[in-house]
Amino acid sequence: MADIVVQPKVFALFVAAGMLSCVVYALLRGLRGTKDRRMWTGLLDLVFIGVAILLFGVCSAYTLEGEIRLFALMAFVAGFAVFFAGPGAALSATVKRLIRFIERCVHRFGDALNRMLAKYRADE
């Protein structure tokens with residue numbers, strides 16, 4: 001059991017862990033916009049749940065000797081909510097835009113490569 005002096009540090013650690021889990025969620029949320037949405041959504045949700053449980057469990061084992069305390073759970077959720085309300089949405093949108101940009105670049109590169117190959121085949 002954590003002493004009263006240590007509890008603010010534990011609270012801050014769990015808030016930071018909640019924020020980190022929100023970063024993972026925002027990155028995975030950005031990946032959902034890709035093709036084959038049905039398949040990826042469930043898989044990415046399972047990855048996020050696993051990461052969140054792992055983060056909470058590691059923090060709990062490190063600071064509270066494995067005890068699950070209500071204030072720690074509330075701090076984790078608060079950290080997630082604060083980050084999600086602010087930079088989490090912007091991060092998600094940025095990841096989606098980056099993925100669309102990469103897809104367009106790959107598509108354009110593929111088109112250019114096909115045109116080059118078509119010219120090469122026509123010359124033969």
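Only this structure's heavy atoms are used, side chains among them; waters, hydrogens and symmetry mates stay out. Bear in mind the structure is a predicted one, so any value in this text is a computation, not a measurement.
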Engineer: Would you say the side-chain atoms of S21 pair up with the backbone N or O of G18, donor to acceptor, closer than 3.5 Å?
Structural biologist: yes

Engineer: Apart from L70 itself, what residues make up its hydrophobic cluster, given side-chain heavy atom links below 4.5 Å?
Structural biologist: M74

Engineer: Show me the donor-acceptor pairs within less than 3.5 Å that the side chains of residues 75-94 make with the rest of the protein, sequence neighbours left out.
Structural biologist:
| from | atom 1 | to | atom 2 | distance (Å) |
| --- | --- | --- | --- | --- |
| S92 | OG | A26 | O | 3.3 |
| T94 | OG1 | A90 | O | 2.8 |

Engineer: Quick test of your reading: applying salt bridge (Lys or Arg N to Asp or Glu O under 4.0 Å), list the pairs with at least one residue in residues 45-54, sequence neighbours left out, ordered by first then second residue.
Structural biologist: R32-D45

Engineer: With sequence neighbours left out, write down each residue that passes side chain to side chain contact (heavy atoms under 4.5 Å, CB included) with I102, or none if nothing qualifies.
Structural biologist: L98, V106

Engineer: Using the rule that Ile, Leu, Val, Met, Phe, Trp and Tyr join whenever any side-chain heavy atoms are under 4.5 Å apart, tell me whether V24 and V58 fall into a single cluster.
Structural biologist: no

Engineer: List, by chain and number, the other hydrophobic cluster members for Y62, where Ile, Leu, Val, Met, Phe, Trp and Tyr join if side-chain heavy atoms come within less than 4.5 Å, directly or indirectly.
Structural biologist: L13

Engineer: Report yes if the side chains of F71 and V10 come closer than 4.5 Å at any heavy-atom pair, otherwise no.
Structural biologist: yes

Engineer: Run the numbers on F109 and C105 for side chain to side chain contact (heavy atoms under 4.5 Å, CB included), then give the verdict.
Structural biologist: CA-CA 6 Å; F109 176 74; C105 288; over 6 Å; no

Engineer: Is there side-chain contact between L73 and F14, with at least one heavy-atom pair below 4.5 Å?
Structural biologist: no

Engineer: Rounded to the nearest 0.5 Å, what's the gap from CG on L55 to OG on S60? Could you check?
Structural biologist: 12.0 Å

Engineer: Are F48 and L43 joined in one hydrophobic group, where the rule is that I, L, V, M, F, W and Y side chains link up if heavy atoms are under 4.5 Å apart?
Structural biologist: yes

Engineer: Taking side chain to side chain donor-acceptor pair (under 3.5 Å) as the cut-off, I'd like each qualifying pair that reaches into residues 48-58, sequence neighbours left out, listed once.
Structural biologist: none

Engineer: How many angstroms lie between atom CZ of F11 and atom OG1 of T63, to the nearest 0.5 angstrom?
Structural biologist: 12.5 Å

Engineer: Atom OG1 of T41 and atom CG of L28: how far apart are they, to the nearest 0.5 Å?
Structural biologist: 11.0 Å

Engineer: When you look at I68 and F56, which way does the side chain to side chain contact (heavy atoms under 4.5 Å, CB included) test go after all the steps?
Structural biologist: CA-CA 9 Å; I68 297 176; F56 187 84; 4.0 Å; yes

Engineer: Could you go through D111 and R115, starting from their C-alpha distance and side-chain angles, then the distance that decides it, and tell me whether this counts as side chain to side chain contact (heavy atoms under 4.5 Å, CB included)?
Structural biologist: CA-CA 6 Å; D111 287 345; R115 284 192 300 270; 3.8 Å; yes

